J.: 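Below is a structure I'd like to ask you about.
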There are 2 protein chains.
Amino acid sequence: MARPRTFDEKQVLNAVRDQFWDAGYAATSLEDLMRVSGLGKGSLYAAFGDKRQLFLRVLNSYTEANHGRLREALAGAPRALDALRMLIEAPVDDPAGTRRGCLMANSASELGNADPEVLAHAHRTYETSTALIGDCVARAQREGDLPAEADPVALARALLAAQQGLVFMSRTGMDTATLTATARSLATRLLPTSADD
Amino acid sequence: MARPRTFDEKQVLNAVRDQFWDAGYAATSLEDLMRVSGLGKGSLYAAFGDKRQLFLRVLNSYTEANHGRLREALAGAPRALDALRMLIEAPVDDPAGTRRGCLMANSASELGNADPEVLAHAHRTYETSTALIGDCVARAQREGDLPAEADPVALARALLAAQQGLVFMSRTGMDTATLTATARSLATRLLPTSADD
DNA sequence: CTTATGGTGGACCGAACGGTCAAGAACTAC
DNA sequence: GTAGTTCTTGACCGTTCGGTCCACCATAAG
């Protein structure tokens, strides 16, 4: 009935996400968004609304994708403890050139005070992550790999904080070897097993 | 010989620091800086150079002040272990209204990809912090409060990562009680004592 | 006093910003 | 074919940006 779109929405959102991820929200101009998406201003506005709406949409799809991957990783691991270890050591695998940190964390840092919605989104994201990790901790306890007396949620929060801290250090350009050592150090202390002692 | 300045440099730098801290670098305009400092554009430029130079100067004095305070806290504590505990639990004390995170961390997140100098500064900062904390860990080991077999620097890095992670969670608006519990959870696991076991 | 020196504040600049809009192009339904 | 609808493009708008510049001012030295 009408002219069809010439762009793929997912591709555009990915390109826009990378731009925001690389430069931050404020430092990304509409011209940047036009360049990376290949769309004109009018098309961008008609399809996604203004800059902030587009950003929030990107942020949402980013965290949803992240949670999906986290869910898979935690559910798919043969032993829950392995999944938790990988969670902590994952930040290390980022190639040295692409240490952009976590888009959600970067955005919360940049826009926290100015945009309560971003802060609220970050808060919700961490709650969901905590729940996912907490379930995995409980499973590891049932599997006998973690002491049963620990509170799964408290440990999950500790793991999440440690992971975010690691992502941060990674972003500052810490060399891979040191980063790996730090991740191991944290994993060993936060995820004690009888083998470690 | 000439007209004296009518402003106090430290006051101006503090005001400017708070502005950058609240709004971030890109979202802070020269008009904002004029408002919070009470100076005209000409005075700002004559005294501190352009926006970026002023920002870098603020960042430097911020981290220096932070390291000074850290040095004092670590050196002044009767027992080193107490200082390390306080290091981890400090993020909790931030009043709920002023959860602005760490200026250095926020800046690295916002400008990391765009300004290598900021990234390098963050890297140097973390190295210095690690050294300070590492010394304190070694002292705690000498005082018999921490297992002697652990590598002080590795533990220092783990503590630093955990602390940065906590500051992050604090920034997202996590309620104080949960934040406290998370800090305790981390402190207990990263700083084990015979009493805790 | 006069003069030299540096501080101050605001007018001014070109560029870039986010956002709007209208005219035309590409498609489907008929 | 024609009509109707959506998408695309780029010109255009007012605002704000970071930065420069200069006339003016307050002081100290002589």
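Fair warning: this is a prediction, and the values are worked out from it, not measured in the lab. Per chain, numbering begins at 1; letters A, B, ... match sequence-line order.
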J.: Examine the side chains of A:Thr63 and A:Asn66 and answer whether a donor and an acceptor come within less than 3.5 Å of each other.
T.: no

J.: Passes side-chain contact (heavy atoms from CB on, under 4.5 Å), B:Val167 versus B:Arg171? Steps please.
T.: CA-CA 6 Å; B:Val167 171; B:Arg171 182 156 169 70; 5.7 Å; no

J.: Determine yes or no for a side-chain-to-main-chain donor-acceptor pair under 3.5 angstrom, with A:Gln141 supplying the side chain and A:Ala150 the backbone.
T.: yes

J.: In residues 11-41 of chain B, which residues come under 4.0 Å of DNA chain C by heavy atom?
T.: B:Gly40

J.: Looking at B:Thr6, I'd like to know whether one of its side-chain N or O atoms comes within less than 4.0 Å of OP1 or OP2 on D:dA26.
T.: no

J.: Which residues, if any, of residues 44-59 of chain A bring a heavy atom under 4.0 Å of DNA chain C?
T.: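 Those residues are A:Tyr45, A:Asp50, A:Lys51.
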
J.: Quick check: is A:Met34 connected to A:Leu39 through a chain of hydrophobic side chains (ILVMFWY, heavy atoms under 4.5 Å apart)?
T.: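 They do share one cluster, since a chain of ILVMFWY contacts under 4.5 Å joins A:Leu39 to A:Met34.
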
J.: Might you confirm whether atom CD of B:Glu31 has over 12 heavy atoms from other residues, nucleotides or ligands at distances under 6.0 Å?
T.: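 Count not over threshold, so no.
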
J.: Test salt bridge (charged side-chain N to carboxylate O under 4.0 Å, His left out) on B:Glu64 and B:Arg69; report intermediate values, then the result.
T.: CA-CA 9 Å; B:Glu64 268 175 33; B:Arg69 247 177 287 124; over 6 Å; no

J.: Ignoring hydrogens and angles, tell me if any N or O in the side chain of A:Ser170 forms a donor-acceptor pair with the backbone of A:Leu166 under 3.5 Å.
T.: no

J.: Taking the six-membered ring for Trp, are B:Trp21 and B:Tyr62 parallel (under 30°), tilted (30 to 60°) or perpendicular (over 60°)?
T.: perpendicular

